[in-house]
Amino acid sequence: MAREFQRGHKAKISDLTPGTDLYVGVQIAAPGLTFDISCFGLDAHEQLSDDRYFIFFNQPKSPEESIQLLGAQSGDTESFRVTLDRIPAAIQKLSFTATLDGSGQMSQIGPGYIRIVAGGEEVVRYAFTGSEFTTERAVMLGDFYLKDVWRFAAVGQGFDGGLDALLKNFGGEVAEEEAPPAAAPAAAPGFAPPAQAAAPPAFGAPPAAQAPQPAPSFGAPPAPTPSPAPQQPMHAAPTIAAPLAPQTPQAPQAPSPYGQPQQPQFGQVPGQGAPPAPPFGQQAPAPYGQPAPAPYGQQPPMGMPPGVPQGMPQGVPQGVPATGAGLQAALQPYKETATGQRWTPQNQQLMRVDLTMGGSGVLARQGSMVMYQGKVDFGYKSAGFVGRAVGNATGQEMQLMRCTGRGQVFLAEEGSHLHPIELQGDAICVSAESVLAFDDSLQYEVRRVEGHGIPGGALFTMQFQGTGTVIVKTHGTPVVLPVTPTTFADCNAVVAWSAASQVIVSTQVRLRRNAYPGHSGETVNLQFRGAPGNFIVVQPYEV
C-alpha cells in the first residue's frame, strides 16, 4: 500500500522499496494553464553544474540514461524513469519541478501529486492542492537526495519568478533566444498564365489510427481508462534553458578618429569594450543619460514620475547614471538561501526555519528571533511548576517560545555558531545552554550524569530523542571526536554527545591553577566510553 506523504516528510528509498529502477509520475493541471515539468540533477552544493542533467522536453535523458523523460501516461501529466544505481557520483540530488508556461499562478491548480512506482505498484505519493500556494509560478515538488543512501523528500516550495527564478536558485539562467534569420527579399514575379483549378480529391478511407505505445517494462503503472475530455498540451511554446556560463568576451571596438572622443555606453568607462548582452528575460540597459524603461506590464513606483529609473532619488538629473547594479552586486553574496528544506543555515550565525514544512511547530529560545516573514504566531511555552523546579535544581532550565503558522523565522543568538542536527529515531545529549531551537515533535528530558567528587554529586544535561532537528549553538567552530576508552573532555567545554555513550566522571588537579590564592585547584573531567559510532562535540571555549 502506498504511503501518503505530507510536505516536509522524508524517508529512505530502501524503506519504501528494494528496487532502484523507479517510475516517477507527476499530475498537475488547471483550466487554461499549461505546465513544464522538469528534473534538475544537482551536485553536492545543490547547483546545476552540468547542464546535461537538466532533463526537460528539449533534453529528454541524461548521458548514461539514468534519468529519462517518458511523457504523459497512466494518468500522469508527465513521467520519468530514474535508475538510482546508474546515477554518477557527481549528482547528489534530483529535484522534480513544475513551472507555468504562460500567465497564471500555482494557487489556480487543482488537486495534484508526485508519486513513486516500483514494479508497477505505487509505493509513495505526495498530494497537494492550489490552496497550499499563492502567487508562485514554479514549484519544487519532490527531491531524491543522497545522504549515505538515497532518500525521498516531499518539498512543495515555490518561486514567484517562475522558471527564471528556479534556474537562478540552482545556479543557472535562462539563455537568450536567438533571433530568426532575416528572410531574403523575394524576386519580382515574371509573366505566367493563371494556374489551373485543382482536381477535387478522390474518395478514400481515412488513415488508420496509430496503435498506442506499450507501457515501459521497468514497472510503470497501468494506464487508466482514457477520459473523454481533451488533455491540455504540455508545451505551448518552446523554452530554452542553459546553466550559468561565463559570457564570451566581446571584441574590442575600433578606436574613434583622432581628436574625437569615443562615446561610452551605459555603465562603461571610456576605452572599455561594449557590455555583454543581457540574459534572457531581462531588458537591455538604456543608452547613457536616458532612463531605463520599466519592465513590461509594470508601472513606476508610487510617487515616482514616469521615465525616472528605479533606485534614483527624485531631484537628481536624469543624465547621472544610477548605481543600482553595483548595489545589487554588493548584496548578492548575502541574499536569502532557500534549499527546500525545513531548516536552512543562512550563514554560520543565522538559521532559517520554514514553518510551512513538517506540519509541526518549533520551540526556540526566547529572544532568538531576529526576523520573520509570513503569518507566524509566537506563544510562551510554559514548563509548568515541576519543569521550573527541575530546571532550577539542575541548571537545565530553558525559557522557550513556540513558533507556529505559515512563514519563515530567522533565529540567532549573540553571534554563536549554529549547527542543525537531524535525529531519525536516535537520541543526543546536549546542555540546555547550548540549545537554540528544536522541532516540537522531539521528546526531551533532563538526564543525570552521576559521579564522585562533584558538588551536589551529579551533573545534568538535556536528552533529545525522536524524529526532528535540534539546533546546537557553540562558541567558535567545534570539533567532533569519536568515543574511545581514552577520550576525556572538560565538562565546561563539551557541548553534546551521543546518548548511547557511557559517561564516567573524574577529577584532576591542575597545578598551574594552584598558584591562585583561594582557588581549590579542582576541575571536573568527563571520560567517554562506548561502541564504535558514538561521538562527542567539543567547542574551543569553556563556559
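These numbers were taken from a predicted model, which means no experiment stands behind them.
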Is there a side-chain contact between Thr356 and Arg7 in this structure, where contact means two heavy atoms from C-beta onward sitting under 4.5 Å apart?
yes

Could you please spell out the steps behind the side chain to side chain contact (heavy atoms under 4.5 Å, CB included) verdict for Met357 and Gln341?
CA-CA 8 Å; Met357 304 179 63; Gln341 305 295 331; 5.6 Å; no

Got a sec: does the CD of Glu121 have more than 12 other heavy atoms crowding it under 6.0 Å?
no

Please list, chain by chain and in numerical order, all residues satisfying side chain to side chain donor-acceptor pair (under 3.5 Å) with His419, sequence neighbours excluded.
Thr474

Please list all pairs meeting salt bridge (charged side-chain N to carboxylate O under 4.0 Å, His left out) that have one or both residues in residues 331-355, counting only residues at least two apart or in different chains.
Glu336-Arg352, Arg342-Asp439

Would you say the side chain of Val24 lies within less than 4.5 Å of the side chain of Ile114, judging by non-hydrogen atoms?
yes

Can you give me the closest heavy-atom contact between Phe133 and Gly156, atom names plus distance?
CE2-O, 3.6 Å

Could I get the full list of side chain to side chain donor-acceptor pair (under 3.5 Å) partners for Trp497, not counting sequence neighbours?
none

Is it true that atom CD of Gln424 has more than 12 heavy atoms of other residues, nucleotides or ligands lying nearer than 6.0 Å?
yes

What are the two closest heavy atoms between Leu442 and Gly466, and how far apart are they?
CD2-C, 3.7 Å

If only atom types and distance count, is the side chain of Thr77 paired as donor or acceptor with the main-chain N or O of Ile28 below 3.5 Å?
yes

May I ask you to decide if Gln346's main-chain N or O and Thr337's side chain share a donor-acceptor pair within less than 3.5 Å?
no

Going by the rule side chain to side chain donor-acceptor pair (under 3.5 Å), which residues pair with Asp160 if we only count those two or more places apart in sequence or in a different chain?
Thr135

Of all heavy-atom pairs linking Thr467 and Gly425, the shortest is OG1-N, 3.7 Å

Side chain to side chain contact (heavy atoms under 4.5 Å, CB included) involving Gln463 - partner list, sequence neighbours excluded:
Ala427, Cys429, Glu445, Arg447, Gln465, Ala499

Heavy atoms, side chains only, cut-off 4.5 Å: are Arg3 and Phe152 in contact?
no

Would you give the length of the straight line joining atom SG of Cys39 to atom CD of Glu78, rounded to the nearest 0.5 angstrom?
11.0 Å

Within the distance-only criterion (no hydrogens, no angle test), does the side chain of Ser79 pair as donor or acceptor with the backbone N or O of Gly71 below 3.5 angstrom?
yes

Closest contact, heavy atoms only, Leu418 versus Ala412:
CD1-CA, 4.3 Å

What do the steps show when you test Tyr23 against Asp76 for side-chain hydrogen bond (donor to acceptor under 3.5 Å, both in side chains), and what is the final call?
CA-CA 11 Å; Tyr23 171 98; Asp76 298 329; 2.7 Å; yes

Check step by step if side chain to side chain contact (heavy atoms under 4.5 Å, CB included) holds for Thr487 and Ile536.
CA-CA 9 Å; Thr487 301; Ile536 64 171; 3.6 Å; yes

Pairwise distance CD1(Ile67) to CG(Leu84) - rounded to 0.5 angstrom:
9.5 Å

Do Ser434 and Ser431 pair up side chain to side chain, a donor and an acceptor below 3.5 Å, judged on atom types alone?
no

Results of side chain to side chain donor-acceptor pair (under 3.5 Å) for Thr469 - residues two or more places apart only
none

Could you report the tightest heavy-atom contact between Gly104 and Leu33, atom names first, then the distance?
CA-CD2, 4.2 Å

Main chain of Phe56, side chain of Gln59: is a donor-acceptor contact present, judged purely on distance under 3.5 Å?
no

Name all pairs fulfilling the salt bridge (charged side-chain N to carboxylate O under 4.0 Å, His left out) condition that reach into residues 403-412, sequence neighbours left out, sorted by first residue then second.
none

Residues at least two apart in sequence or cross-chain that pass side chain to side chain contact (heavy atoms under 4.5 Å, CB included) with Glu64, listed by chain then number, are Tyr53, Ser62, Ser66, Pro88

Any salt bridge between Lys147 and Glu422, counting N to O under 4.0 Å?
yes

For Phe40, run the ring pair (Phe, Tyr, Trp, His ring centres under 6.0 Å) check against Phe170, Tyr145, Phe80, Phe144 and tell me which one passes.
Phe170

How would you list all residue pairs meeting ring-ring contact (aromatic ring centres under 6.0 Å, His included) that involve residues 358-377, not counting sequence neighbours?
Tyr372-Phe378

Are any non-hydrogen side-chain atoms of Leu42 and Ile91 less than 4.5 angstrom apart?
no

Evaluate the side-chain proximity of Phe528 to Val494: yes if any heavy-atom separation is below 4.5 Å, no if none is.
yes

Pair Gln373, Phe410 - check side chain to side chain contact (heavy atoms under 4.5 Å, CB included), show working.
CA-CA 9 Å; Gln373 50 191 4; Phe410 295 79; 4.1 Å; yes

Gap separating the OG1 atom of Thr129 from the CE atom of Met106, nearest 0.5 angstrom:
13.0 Å

Is there a donor-acceptor pair closer than 3.5 Å between any side-chain N or O of Ser107 and the backbone N or O of Thr134?
yes

Atom CG of Asn169 and atom CG of Leu167: how far apart are they, to the nearest 0.5 Å?
9.5 Å

Tell me, do Leu411 and Leu350 make a side-chain contact under 4.5 Å, heavy atoms counted?
no

Taking only residues at least two apart or on different chains, which pairs with a member in residues 356-367 satisfy salt bridge (charged side-chain N to carboxylate O under 4.0 Å, His left out)?
Arg365-Glu413

When you compare the side chain of Val362 with that of Asp440, does any pair of heavy atoms fall below 4.5 Å?
no

Test of understanding: with salt bridge (charged side-chain N to carboxylate O under 4.0 Å, His left out), list the residues that count as partners of Glu122, not counting sequence neighbours.
Arg115, Arg125

If every non-hydrogen atom of Trp150 is compared with every non-hydrogen atom of Gln92, which pair is closest and at what distance?
CZ3-O, 3.9 Å

If I take atom CG from residue Asp377 and atom CZ from residue Arg402, how far apart are they, to the nearest 0.5 angstrom?
12.0 Å

Per the salt bridge (charged side-chain N to carboxylate O under 4.0 Å, His left out) rule, what does the pair list look like for residues 134-145, sequence neighbours excluded?
Lys93-Asp143

Got Val376 and Leu355 here, is their nearest side-chain heavy-atom distance under 4.5 Å?
yes

From Asp15, Leu16, Ile13, Thr17, residue fulfilling side chain to side chain contact (heavy atoms under 4.5 Å, CB included) relative to Val124:
Leu16

Could you check, using the six-membered ring where one of them is a Trp, whether Tyr113 and Tyr126 have ring centers closer than 6.0 angstrom?
no

Spatial distance of atom CG (Leu163) from atom CG (Asp36) [nearest 0.5 Å]
7.5 Å

Residue pair Val495, Val472: steps toward the side chain to side chain contact (heavy atoms under 4.5 Å, CB included) verdict:
CA-CA 8 Å; Val495 177; Val472 176; 3.5 Å; yes

